[in-house]
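Single-structure report; data block below.
Proteins get letters first, then strands, A, B, ... in listed order; numbering begins at 1 in each.
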2 protein chains.
Amino acid sequence: MRIAEFARATGFPVDTLRYYEKIGLIDPPLRDSAGHRVYGDAELRWAEFLHRLKTTGMSISEMLVYADARAAGDHTAPERADMLRAHRAEVAARVAELRECLSVLDTKIATYEAMMSDAKGPDHAAPDHRDQSGARPQAAE
Amino acid sequence: MRIAEFARATGFPVDTLRYYEKIGLIDPPLRDSAGHRVYGDAELRWAEFLHRLKTTGMSISEMLVYADARAAGDHTAPERADMLRAHRAEVAARVAELRECLSVLDTKIATYEAMMSDAKGPDHAAPDHRDQSGARPQAAE
DNA sequence: CTAGGGGTTGGAGCGCACTCTAGGTCAAGC
DNA sequence: GCTTGACCTAGAGTGCGCTCCAACCCCTAG
């Protein structure tokens with residue numbers, strides 16, 4: 001697999017793949033006779049996992065620590081497991097936070113919808129605009 | 001409420017509050033006799049809502065669109081409601097994506113744990129290091 | 001009356017993670 | 001033989017979102 005196909009397969013742009021290689025996040029792959037990078041299945045699996053880590057908000061410097069531990073060999077497995085457990089906890093916290101925000105958004109959207117269906121109601125204060133306290137019991141802002 | 005207390009209340013650093021005011025995300029608040037900013041409850045509610053939007057990954061440029069619509073008056077309510085609905089959908093998608101990543105992390109952590117409990121098992125391939133396909137049925141990477 | 005602790009401004013600088021550019025090589029097809 | 005297109009390199013540039021700085025002002029407590 002050459003770099004363009006690898007980019008399609010992993011979801012990383014070509015430039016990003018070369019950048020990751022340069023900083024040591026991806027091992028330098030084999031080259032064909034023309035000097036072009038040739039990627040295999042192991043590289044693909046690793047890049048896909050990196051993509052997961054990135055999706056979950058892990059910074060490049062953290063991924064580098066993980067990648068370096070991985071490169072150092074099997075004896076770093078406990079360290080890597082610890083990192084993943086810590087990261088897992090952060091992601092779970094993030095999910096909880098986002099779910100909370102979702103319910104705030106829902107409340108606010110509902111307030112807008114109530115406001116818009118009372119298109120000519122007696123009190124049409126926008127949920128955002130200045131003070132609406134006392135209008136309705138829910139905390140919308 | 002002066003800026004330091006407002007910063008504590010909203011979770012935004014003082015510099016960030018002034019920056020948001022400069023770019024038009026926060027309205028210029030009243031000033032006291034010394035020229036110091038004085039914030040009230042309406043400002044607090046708006047800043048808290050901005051904090052939610054930021055937490056959910058909305059970019060500053062999107063927040064500016066929302067803020068500008070809000071400043072333009074009540075007739076932009078439908079537009080703002082649409083923005084929030086679209087954003088809500090993005091956040092929900094993000095939550096789904098993160099939950100998927102969580103399960104990948106769980107699988108990988110489990111693989112590490114299995115590997116470490118078989119501290120001297122016959123096959124102690126690290127879940128990360130090169131090929132492990134065929135070892136166990138789960139897809140771990 | 002002076003020191004300290006908050007506040008003010010405009011503008012420069014920064015860290016992250018890419019992203020793009022210029023100039024070059026190589027292999028295949030017309 | 002020449003063009004096309006995918007790839008290569010080193011290094012410069014970009015966009016975002018702050019974050020910091022210098023120089024200044026004002027109020028209060030000792």
Side-chain angles (χ1 to χ4, degrees), chain A residues 1-40 43-44 46-68 87 90 94 97 101, chain B residues 1-40 43-44 46-68 87 90 94 97 101:
Chain A
M1 202 189 303
R2 287 196 300 179
I3 201 167
E5 190 184 345
F6 193 63
R8 254 173 275 124
T10 60
F12 287 122
V14 166
D15 280 338
T16 299
L17 289 170
R18 282 194 283 248
Y19 166 68
Y20 282 0
E21 183 184 325
K22 182 160 61 182
I23 65 174
L25 209 45
I26 290 178
D27 291 333
L30 297 174
R31 301 290 182 120
D32 65 15
S33 59
H36 295 181
R37 291 168 179 82
V38 177
Y39 297 91
E43 282 86 355
L44 182 57
W46 172 237
E48 282 168 347
F49 184 61
L50 279 182
H51 205 271
R52 292 284 182 184
L53 293 181
K54 179 173 134 79
T55 295
T56 52
M58 187 180 282
S59 69
I60 282 186
S61 59
E62 281 174 292
M63 288 192 278
L64 269 178
V65 172
Y66 187 89
D68 288 349
H87 186 61
E90 277 170 36
R94 177 96 184 114
E97 185 182 48
C101 289
Chain B
M1 199 190 304
R2 287 196 299 179
I3 200 166
E5 190 184 347
F6 193 63
R8 252 172 276 123
T10 60
F12 287 122
V14 167
D15 279 337
T16 299
L17 290 170
R18 283 195 282 247
Y19 166 68
Y20 281 1
E21 184 184 326
K22 182 160 60 180
I23 64 175
L25 209 45
I26 290 178
D27 291 333
L30 297 174
R31 301 291 181 121
D32 65 16
S33 58
H36 296 181
R37 291 168 179 82
V38 177
Y39 297 91
E43 282 86 355
L44 182 57
W46 172 238
E48 282 168 348
F49 184 61
L50 279 183
H51 205 270
R52 292 285 182 183
L53 292 181
K54 179 173 131 81
T55 295
T56 53
M58 187 180 280
S59 70
I60 283 186
S61 57
E62 282 175 291
M63 289 192 278
L64 269 178
V65 172
Y66 187 90
D68 288 350
H87 186 60
E90 277 170 36
R94 178 98 183 111
E97 184 182 49
C101 288

**Complete:** Readout for nucleotides 5-14 of chain C: B = base within 4.0 Å of protein heavy atom, S = sugar-phosphate only, - = neither; 5' to 3' it is --SBB-B---

**Asked** To the nearest angstrom, how far is L64(A) atom CG from dC18(C) atom C1'?
**Response** 14 Å

**Fill in**
Separation between CZ (R37(B)) and CG (L30(B)), nearest 0.5 Å, reads 12.0 Å

**Interatomic distance where NZ belongs to K54(A) and P belongs to dC16(C) [whole Å]** = 15 Å

**Item:** With E97(B) via side chain to side chain donor-acceptor pair (under 3.5 Å) - residues at least two apart
**Value:** R94(B)

**Axis-to-axis angle between the two ends of the helix from dC1(C)-dG30(D) to dC30(C)-dG1(D) (five base pairs per end, rounded to 10 degrees)** = 10°

**Request:** To the nearest 0.5 angstrom, please state how far the CD1 atom of I23(A) sits from the CZ atom of R18(A).
**Result:** 14.5 Å

**Asked** Looking at side-chain heavy atoms only, is the closest gap between Y20(B) and T10(B) below 4.5 Å?
**Response** no

**Request:** Can you label the angle between the Y66(A) ring and the W46(A) ring as parallel, tilted or perpendicular, going by 30° and 60°?
**Result:** parallel

**Asked** For L50(A) and dC18(C), what is the distance between atoms CG and P respectively, to the nearest whole Å?
**Response** 11 Å

**Message:** Measuring from atom CZ of F12(A) to atom CD1 of I26(A), what distance do you get when rounded to the nearest 0.5 angstrom?
**Reply:** 6.5 Å

**Request:** Hey, could you give me the CD1/CD distance between I3(A) and E21(A), rounded to the nearest 0.5 Å?
**Result:** 7.0 Å

**Asked** What's the spacing between E5(A) CD and R2(A) CZ if we round to 0.5 Å?
**Response** 9.5 Å

**Request:** Please report, rounded to the nearest Å, how far the C1' atom of dA27(C) is from the CG atom of D32(A).
**Result:** 10 Å

**Request:** Could you pull out all residues at least two apart from H51(A) that satisfy side chain to side chain donor-acceptor pair (under 3.5 Å)?
**Result:** none

**Request:** Would you kindly give the CG-to-P distance between L53(A) and dC16(C), to the nearest whole Å?
**Result:** 18 Å

**Asked** Of M58(B) and S33(B), whose closest DNA chain D nucleotide lies nearer the 5' terminus?
**Response** M58(B)

**Prompt:** Looking at CG of L53(B) and CD1 of I60(B), how far apart are the two atoms once the value is rounded to the nearest 0.5 Å?
**Reply:** 11.5 Å

**Message:** I'd like to check the side chain to side chain contact (heavy atoms under 4.5 Å, CB included) partners of E62(A); sequence neighbours left out, ordered by chain and number.
**Reply:** M58(A), S59(A)

**Span of DNA chain D in contact with chain A (heavy atoms, under 4.0 Å)** = dC7(D) to dG11(D)

**Message:** Taking any heavy-atom pair under 4.0 Å as a contact, classify F12(B): base, sugar-phosphate, or nothing.
**Reply:** nothing

